[in-house]
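Quick caveat, the model's predicted, so the values are computed rather than measured.
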Amino acid sequence: MPVCRQPVGLSFKRACLGPLATLASLGAWAAPQQIQLQTDSGQAVASAAVSVFVKGTRAQAAPDTVADMAQKDKAFVPKLRVIQTGSLVNFPNFDTVRHHVYSFSPTKTFEIKLYAGTPAAPVVFDKPGTATLGCNIHDRMLGYIHVVDTPYFGVSDANGSVSIDLPPGEHRVRVWTPAMGEATPGVEQAFKTSTEAVVIRIKP
């Protein structure tokens, strides 16, 4: 049975991408590609969701793909989580107080009422877009789950940089930041893989 690699954040998880031909043409030659996000003035764009769309890859995550969106010190950790469409998300609560997590976003509407520990059932994010998260008990808590139709994604670091393993060729990169709002899918740009960092300009 063919096996490929699927990025989850900056780490990887085994998943099936389909026919052996797809594996040979995409997964076997993948190499780290650095993507650098900058404003027009050259400032780094940190904490942005970066997704790359490669022809021939599946839009839906493998059935066993699971991510965590934790609560710690009365905050969502991480504040921004990027996942592939179809992924399951757990919401573990590491605080000594209970939380009441919810989303009213069209991408995923759900509610997990007052709880401690980890809820028994994860939440399935079955369509692309952005879900804005809140807590009914702690109004200052704010988080985002950005759902993308690609297994290639990451979040830019403090220097505006992210490294994603990609097959060689021409692809499209999409960048989304919380400042854009959940109704905006993000900004897209075509690029070609390179041994040098690919610089993407983002308007602040």
Compare all side-chain heavy atoms of Met69 with those of Ile145 and state whether any distance is below 4.5 angstrom.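 Counting from C-beta outward, Met69 and Ile145 do come under 4.5 Å.
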Checking the side chain of [X] only, and the main-chain atoms of [Y] only, is there a donor and an acceptor separated by less than 3.5 Å?
| X | Y | answer |
| --- | --- | --- |
| Thr193 | Gly169 | yes |
| Asp95 | Asp73 | yes |
| Lys74 | Val97 | no |

Run Glu170 and Lys192 through salt bridge (Lys or Arg N to Asp or Glu O under 4.0 Å) and show every step you take. CA-CA 4 Å; Glu170 295 184 358; Lys192 187 174 182 179; 5.0 Å; no
To the nearest 0.5 angstrom, please state how far the [atom1] atom of [X] sits from the [atom2] atom of [Y].
| X | Y | atom1 | atom2 | result |
| --- | --- | --- | --- | --- |
| Leu133 | Phe104 | CG | CZ | 11.5 Å |
| Gln36 | Arg201 | CD | CZ | 9.0 Å |
| Thr130 | Trp176 | OG1 | CH2 | 4.5 Å |

State whether a side-chain donor-acceptor pair under 3.5 Å links Ser41 with Thr39. yes
Between Glu111 and His100, is any side-chain donor less than 3.5 angstrom from a side-chain acceptor?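 Looking only at side-chain atoms, His100 and Glu111 do form a donor-acceptor pair, the distance falling under 3.5 Å.
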Given side chain to side chain contact (heavy atoms under 4.5 Å, CB included), test Val89 with Phe110 step by step and report yes or no. CA-CA 12 Å; Val89 179; Phe110 71 95; over 6 Å; no
Which residue is it: His138, Arg98, His99? I am looking for the one with a side chain to side chain contact (heavy atoms under 4.5 Å, CB included) to Gln71. His99
